[in-house]
J.: 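Right, I'll just put the structure down here and ask away after.
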Amino acid sequence: MRDYLLMLFITAAVTHILTGPVRKFAINIGVVPEVRARDVHREPTPRLGGMAMFGGLLAGLLVASHLPHLEEIFTESSTPRALLSGAALICLLGVLDDKWGVDALVKLGGQVLAAGVMVFQGLTILWLPVPGTDGIYLSDWQGTLLTVGLIVVSINAVNFVDGLDGLAAGTVGIAASAFFLYAYRLWYGYGIEAAASTTLISAILAGMCLGFLVHNSHPARIFMGDSGSMLLGLLIAGCAVSVTGEVDPSLLRQSMDGRSGSAAMVPVYIPLLLPLSVIALPVADLVLAVIRRTWNGMSPFAADKGHLHHRLLQLGHSHRRAVLLMYFWSALFSFGIVAYSARGAKSWMLFGVAFVCAVGLVLLLQPRYESGLTRRLLPRGSRGRVVASGGKRAEADEERRVPTG
């Protein structure tokens with residue numbers, strides 16, 4: 001645990017230190033796009049934050065390769081090398097898009113290429129933990145198609161959710177932390193050495209997000225851009241693929257001999273459930289966006305202001321509160337499933353999750369009730385000057401102010 005936590009803090013420190021110079025570099029080369037109609041920030045903000053996170057990834061892998069307890073990962077597993085190759089390609093593609101803009105189809109082709117490079121180096125899904133079976137082993141072409149599809153969907157899901165300050169980095173950081181706990185439990189608790197690479201990558205990914213959040217929290221001084229969002233999506237998908245590509249399901253079942261019933265099989269299904277829980281909100285946002293845009297006669301790749309974080313703002317939540325709510329649901333999905341796998345089928349846990357969901361719904365709907373109350377109490381001429389989150393002046397009033405002096 002000490003070595004993995006060391007990698008987390010080293011990655012976070014390097015990412016944090018590099019973000020400042022990267023911000024200056026982005027300003028110098030003009031990667032400071034104008035504020036668009038769908039944006040929620042008011043001032044032009046530099047991008048290219050993904051370059052700093054990629055530097056943190058390099059530092060983490062470099063230090064880990066020289067530690068006695070972790071260097072075996074690099075000699076016995078192809079996962080670090082495959083992930084680094086795919087990350088370099090996807091980060092380069094993101095930098096080009098942040099600077100000059102890349103056509104959507106070209107970007108999709110680059111994502112498939114990065115995923116293909118990872119598959120070519122051995123990072124692929126070999127089996128699926130399907131309930132009621134001993135696991136379905138996939139052929140080479142089935143594993144390749146499924147791996148590429150999962151990576152591409154994850155990349156675009158994280159890219160779609162990157163709409164508020166700190167939202168993508170925090171959400172992926174929570175998911176990476178849940179992955180770390182699960183993979184570390186496989187490696188240390190059950191003695192499955194093949195899970196060591198997943199444990200390392202998830203710890204480094206959590207450190208990347210933590211180091212960047214210092215600069216990216218509201219109000220953000222720099223955005224990660226596509227170079228960062230696509231990088232995070234690729235790495236979180238790589239964690240999921242490495243579990244089903246290196247961990248033998250029979251070892252999991254042998255480790256569960258002391259448990260009975262459905263509880264004994266829950267950890268076997270986690271490689272399938274946890275990736276879905278990790279990207280549940282981004283994928284839901286992605287699917288709803290495609291349906292919404294197609295229904296309105298727009299291109300599925302066209303941008304709009306109908307994402308989940310936009311709807312939270314429309315309900316009356318402040319910027320920070322909308323981000324914290326998204327963190328809440330991501331943590332509930334990710335850590336809830338990991339806790340369930342560790343404790344088994346316990347009725348009290350199900351009640352606890354239901355209670356937490358109820359609290360989340362109350363917090364989610366609270367601004368709407370406050371908004372109705374303020375409309376009834378405020379004079380007609382004062383409406384629109386107070387938002388539901390507590391009496392702050394609306395953005396429209398602030399924009400109409402003329403500075404004096």
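Every value quoted in this text rests on a predicted model; they were computed, and no experiment measured them. Numbers here simply count residues along the sequence, with the first being 1.
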J.: Does any part of the side chain of Leu123, heavy atoms only, come nearer than 4.5 Å to the side chain of Ser78, both counted from C-beta?
T.: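 Contact flag for Ser78/Leu123 side chains = no.
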J.: Check side chain to side chain contact (heavy atoms under 4.5 Å, CB included) between Leu138 and all other residues, then give those that pass, not counting sequence neighbours.
T.: Ile125, Leu128, Ile136, Gln142, Leu146
J.: Measuring from Thr45:OG1 to Asp165:CG, what's the distance to the nearest 0.5 Å?
T.: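 Output value for this atom pair is 7.5 Å.
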J.: Has Arg320 got a side-chain atom pairing as donor or acceptor with His218's backbone, closer than 3.5 angstrom?
T.: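 Side chain of Arg320 to backbone of His218: a pair is present.
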J.: Contact between Val148 and Val112 at the side-chain level, heavy atoms closer than 4.5 Å - yes or no?
T.: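 A side-chain contact under 4.5 Å exists here.
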J.: Taking side-chain hydrogen bond (donor to acceptor under 3.5 Å, both in side chains) as the cut-off, I'd like each qualifying pair that reaches into residues 79-101, sequence neighbours left out, listed once.
T.: Ser77-Thr79, Thr79-Glu246, Arg81-Gln121, Ser85-Gln121, Asp97-Lys107, Asp98-Ser227
J.: Between CZ of Arg321 and CG of Leu324, what distance do you get to the nearest 0.5 Å?
T.: 9.5 Å
J.: Does Val22 have any side chain to side chain contact (heavy atoms under 4.5 Å, CB included) partners at least two apart in sequence or in another chain, and if so, which?
T.: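 Result, side chain to side chain contact (heavy atoms under 4.5 Å, CB included) vs Val22: Leu48, Met51, Ala52, Ile222.
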J.: Ignoring hydrogens and angles, write down the donor-acceptor pairs under 3.5 Å from the side chains of residues 65-72, residues two or more places apart or on other chains.
T.:
residue	atom	partner	partner atom	Å
Ser65	OG	Leu61	O	3.4
Ser65	OG	Leu62	O	2.6
His66	ND1	Leu62	O	2.9

J.: Between atom CG of Leu108 and atom CD1 of Ile155, what is the distance when rounded to the nearest 0.5 Å?
T.: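 CD1 of Ile155 is found 9.5 Å from CG of Leu108.
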J.: Quick one, Trp187 with Phe180, criterion ring-ring contact (aromatic ring centres under 6.0 Å, His included). Give me CA distance, side-chain angles, the key distance, then yes/no.
T.: CA-CA 10 Å; Trp187 173 72; Phe180 172 76; 9.5 Å; no
J.: If only atom types and distance count, is the side chain of His215 paired as donor or acceptor with the main-chain N or O of His16 below 3.5 Å?
T.: yes
J.: How close do Ala183 and Thr198 get, counting heavy atoms only, and between which atoms?
T.: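 Taking Ala183 first and Thr198 second, the nearest heavy atoms are CB-CG2, 3.9 Å.
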J.: Could you tell me whether the side chain of Asn216 and the main chain of Phe212 form a donor-acceptor pair under 3.5 Å?
T.: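 Not confirmed, Asn216 side chain does not pair with Phe212 backbone.
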J.: Give me the atom names and distance for the closest heavy-atom approach of Val158 to Gly233.
T.: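 Looks like CG2-CA, 3.7 Å.
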J.: Can you name the side chain to side chain donor-acceptor pair (under 3.5 Å) partners of Ser202, sequence neighbours left out?
T.: none
J.: Kindly give the heavy-atom pair with the smallest separation between Ala206 and Leu8, and that separation in Å.
T.: CB-CD1, 4.0 Å
J.: Given side chains that start at C-beta, do those of Met7 and Asp3 come closer than 4.5 Å, heavy atoms only?
T.: no
J.: Is the closest side-chain heavy-atom distance between Tyr184 and Met1 below 4.5 Å?
T.: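 Yes. Closest side-chain heavy atoms under 4.5 Å.
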J.: Do side-chain atoms of Ser154 reach the backbone of Leu150 as a donor and acceptor pair under 3.5 angstrom?
T.: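 No: the side chain of Ser154 does not pair with the backbone of Leu150.
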J.: More than 12 non-hydrogen atoms from neighbouring residues, nucleotides or ligands closer than 6.0 Å to CZ on Phe25, yes or no?
T.: no
J.: Taking Ile204 as the fixed residue, which of Thr15, Leu58, Thr11, Leu83 is the one that meets the side-chain contact (heavy atoms from CB on, under 4.5 Å) rule?
T.: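 Exactly one option meets the side-chain contact (heavy atoms from CB on, under 4.5 Å) with Ile204, and it is Thr11.
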J.: Check step by step if side-chain contact (heavy atoms from CB on, under 4.5 Å) holds for Gln111 and Ile151.
T.: CA-CA 8 Å; Gln111 295 169 2; Ile151 293 174; over 6 Å; no
J.: Just verifying a value: how many Å separate Tyr327 OH and Thr171 OG1, rounded to the nearest 0.5 Å?
T.: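 Result: 6.0 Å between the selected atoms.
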J.: To check you understand the geometry: which heavy-atom pair defines the closest contact between Leu232 and Ala169, and what is its length?
T.: CD1-CA, 4.2 Å
J.: Check step by step if side-chain contact (heavy atoms from CB on, under 4.5 Å) holds for Met118 and Leu234.
T.: CA-CA 10 Å; Met118 295 167 61; Leu234 179 138; 3.6 Å; yes
J.: To the nearest 0.5 angstrom, please state how far the CG atom of Leu186 sits from the OG1 atom of Thr199.
T.: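 Answer for the CG-OG1 pair, Leu186 versus Thr199, is 7.5 Å.
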J.: Going through the checks in order, is the side-chain contact (heavy atoms from CB on, under 4.5 Å) test met by Arg23 and Ile27?
T.: CA-CA 6 Å; Arg23 180 178 183 273; Ile27 295 175; 3.9 Å; yes
J.: Nearest 0.5 Å, please: how far is CD1 in Ile73 from CG in Leu200?
T.: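 It is 4.5 Å, given to the nearest 0.5 Å.
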J.: Go through it in stages, so that I can follow the logic: the residues are Met208 and Leu235, the test is side-chain contact (heavy atoms from CB on, under 4.5 Å), and I'd like the CA-CA distance, side-chain angles, deciding distance and then a yes or no.
T.: CA-CA 11 Å; Met208 293 165 56; Leu235 291 177; 3.6 Å; yes
J.: More than 12 heavy atoms of other residues, nucleotides or ligands under 6.0 Å from CG of Asp140: yes or no?
T.: no
J.: If I compare all heavy atoms of Ala26 with all of Val32, which pair ends up nearest, and what's the gap?
T.: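 For Ala26 and Val32, the tightest heavy-atom pair comes out as O-CG2, 4.1 Å.
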J.: Applying side chain to side chain contact (heavy atoms under 4.5 Å, CB included), can you list everything that pairs with Leu145, at least two apart in sequence or on another chain?
T.: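 Once residues adjacent in sequence are excluded, the partners of Leu145 under the side chain to side chain contact (heavy atoms under 4.5 Å, CB included) criterion are Trp141.
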J.: Work out which heavy atom in Ala322 is nearest to a heavy atom in Leu164; give both atom names and the distance.
T.: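 Between these two residues, the closest heavy atoms are CB-CD1, 3.9 Å.
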J.: Could you verify whether a donor N or O on one side chain and an acceptor N or O on the other, from Ser242 and Ser197, lie under 3.5 Å apart?
T.: no
